[in-house]
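The structure appears right after this line, and notes come after that.
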Amino acid sequence: MTRLSVMMFFQFFVWGAWYVSMTGFMLREDIGMGGLIFAAYSVGPIAAIFSPFFLGLIADRFIPTQITLALLLVLGGALLLLAPSTAEPFVVAEVVEGQHWLAARFSLLWQSLQHPFILSLLGHMLCFMPTVALTASLSFRHLKNQEREFPVVRVLGTIGWIAGNVAVSMLAGKDTSEAQFYLAGITSIGLGLYCLTLPQTPPPLKGKRVSVGEIIGLDSLRLFRNPSYAVFMISSFLICVPLAGYYAYARTFVDEAGVVFNLPYRIFDYFGNGSATFTMSFGQVSEIFFMLIMPLCFARLGVKWMLAIGMLAWVARYAMFALGADDKTAWLIIGGILLHGICYDFFFVTGMIYVDKTAPASIRNQAQGFLVFVTQGLGMFVGAQVFGGLQLFQTTDSGIDWKGFWFYPAVFAAMVMVGFVLFFWDRVSDRAVQTSDTVQPEVPA
């Protein structure tokens, strides 16, 4: 279990060491890639959409899991090392007169995806996203008591993400430093080599035929006959639209508001401290806390109100950001960050449990795969495009109007929450989930 915990820690360390902080690098005046932020946060969802195809058609059928992990992490790490050297100003081509706004947005996305920096990140994420599922499956294969031991292994991933955030705060240039990509890239390559020492894990579907529909979970579409399940899935897709804005723009907002904290020990003074990325790591700390109290909440609240509270936390988070924007009110901004544990755990982890209890055993894995496809893939991708347009809409000569920027997702999340509360009701699953063990999320938010 120790070896698996080390694997999980460094996997999410790699992710946490650049994913939150890269906007600081992109917004540097000498880099000039601020207009590419929406595209940088589109590559993860794109990779999430294509990841099931790689897993189902190749990784799960032909190559031992530990070998696949090694190859993906080494290649992905090399692409991260390459990324800073590809940074160059982004110049938007002129919009064709009379062009529809939607066509203009996709034209901009297409231009952005051809930028060498974005291509490097896309290549990395296409390598990295499959490893999230592979590390989980490898752990399950080698743990004697999955229910008891996997949460311990998985929580090391969240701690690794926090450590990655802290490590960036220790760099000389902090969030603006290109060294964050070198840190993450070298760690990824090292982890890839480490994976070669993990237990032999044959591909689980070797010799079995698999269809595209099975890979992305199309067989689970029959669950939409259950009105509550349909409401849940639609709500999950919609709530991921405002979620995308948190990943892409919250660090920049915190930085501009000056809500940064010094690292707690004087030993770090040599490096210089105080970082928006370090402040953002408080969200993952709250995630650990709320994960621990989830079983108690299930017993008292049940599925519907756990999900509703998770959505309400999104409303509260963005409302607090909007209210704290003009005066840069630290307690409102920090409060919004600390709501991360409720935002993610109460909605996404509860959602995974709900799907597990609702779907028949024969399509349970497909249903979970379809949930990830809809949320981390389609929902986050749409959200990245929406927030890219919102950034342009809310930008003035003095910068982004953060109050208005956060107001719109707060209203949107409130509408999703109200619709969910009015139309979702599933008493059978509610009772079943109250006796369920809490599972760990696959992706930290």
Side-chain angles (χ1 to χ4, degrees), residues 147 151 217 220-243 246 286-287 289-320 336 338-361 363-364 366-376 378-380 383 409-443 445:
E147 291 78 10
S220 68
L221 290 179
R222 68 172 185 259
L223 294 173
F224 276 80
R225 297 171 186 169
N226 177 347
S228 288
Y229 182 86
V231 170
F232 161 75
M233 194 62 72
I234 293 170
S235 299
S236 297
F237 167 76
L238 292 175
I239 207 67
C240 280
V241 174
L243 169 62
Y246 179 74
S286 75
E287 181 184 331
F289 170 75
F290 285 106
M291 185 68 68
L292 294 174
I293 68 170
M294 279 189 70
L296 298 176
C297 297
F298 271 127
R300 294 181 176 274
L301 299 173
V303 167
K304 177 176 181 176
W305 295 111
M306 287 283 286
L307 293 169
I309 291 172
M311 293 182 182
L312 179 61
W314 285 108
V315 180
R317 158 181 277 173
Y318 289 133
M320 293 173 78
L338 290 176
L339 283 172
H340 175 81
I342 302 177
C343 292
Y344 191 80
D345 294 344
F346 276 43
F347 188 84
F348 288 98
V349 179
T350 302
M352 293 167 64
I353 296 173
Y354 170 70
V355 169
D356 185 73
K357 294 300 178 182
T358 301
I363 60 170
R364 193 166 290 155
Q366 290 191 44
Q368 294 286 3
F370 188 73
L371 177 63
V372 173
F373 178 81
V374 167
T375 55
Q376 301 289 341
L378 296 179
M380 293 283 284
V411 173
F412 183 82
M415 294 170 62
V416 175
M417 180 195 68
V418 170
F420 174 82
V421 171
L422 290 177
F423 296 107
F424 178 91
W425 193 258
D426 195 328
R427 292 179 180 273
V428 174
S429 292
D430 217 33
R431 288 195 298 270
V433 167
Q434 288 183 21
T435 62
S436 169
D437 289 326
T438 302
V439 300
Q440 297 290 321
E442 292 299 328
V443 182

ask   = What residues, two or more places apart in sequence or in another chain, satisfy ring pair (Phe, Tyr, Trp, His ring centres under 6.0 Å) together with F347?
value = none
ask   = Would a line drawn from the ring center of Y344 to the ring center of Y246 be shorter than 6.0 Å?
value = no
query = Would you find a donor on one side and an acceptor on the other, under 3.5 Å apart, between the side chain of S228 and the backbone of W425?
reply = yes
ask   = How long is the gap from CG on L312 to SG on C343, to the nearest 0.5 Å?
value = 9.0 Å
remark   = Rounded to the nearest 0.5 Å, the CD1 atom of I342 sits from the CE atom of M306 at a distance of 10.0 Å
Separation of I309 CD1 from M417 CE (nearest 0.5 Å) = 10.5 Å
query = Counting only heavy atoms not in F423, do more than 12 fall under 6.0 Å of its CZ?
reply = no
task = Applying side chain to side chain contact (heavy atoms under 4.5 Å, CB included), name anything that partners V418, two or more places apart in sequence or on another chain.
result = L422
request  = Can you measure from CG (L223) to CG (L371) and round to the nearest 0.5 angstrom?
outcome  = 11.5 Å
ask   = What distance do K304 atom NZ and F420 atom CZ have between them, rounded to the nearest 0.5 Å?
value = 7.5 Å
key: For R222 against P360, the heavy-atom pair lying closest together   = NH2-CG, 4.4 Å
query = By ring pair (Phe, Tyr, Trp, His ring centres under 6.0 Å), which residues pair with F289, not counting sequence neighbours?
reply = none
task = Identify the two heavy atoms, one from A308 and one from V421, that lie closest to each other, and give their separation to 0.1 Å.
result = CB-CG2, 3.9 Å
inquiry  = Quick check for you: to the nearest 0.5 Å, what is the distance between R317 atom CZ and L243 atom CG?
reply    = 8.0 Å
Tell me which donor-acceptor pairs under 3.5 Å the side chains of residues 231-242 have, and how far apart each pair is, sequence neighbours excluded?
from	atom 1	to	atom 2	distance (Å)
S235	OG	V231	O	2.8
S236	OG	F232	O	2.8

For F424, the option from W305, Y229, Y354 that meets ring pair (Phe, Tyr, Trp, His ring centres under 6.0 Å) = Y354
ask   = Is any side-chain heavy atom of K357 less than 4.5 Å from a side-chain heavy atom of V303?
value = no
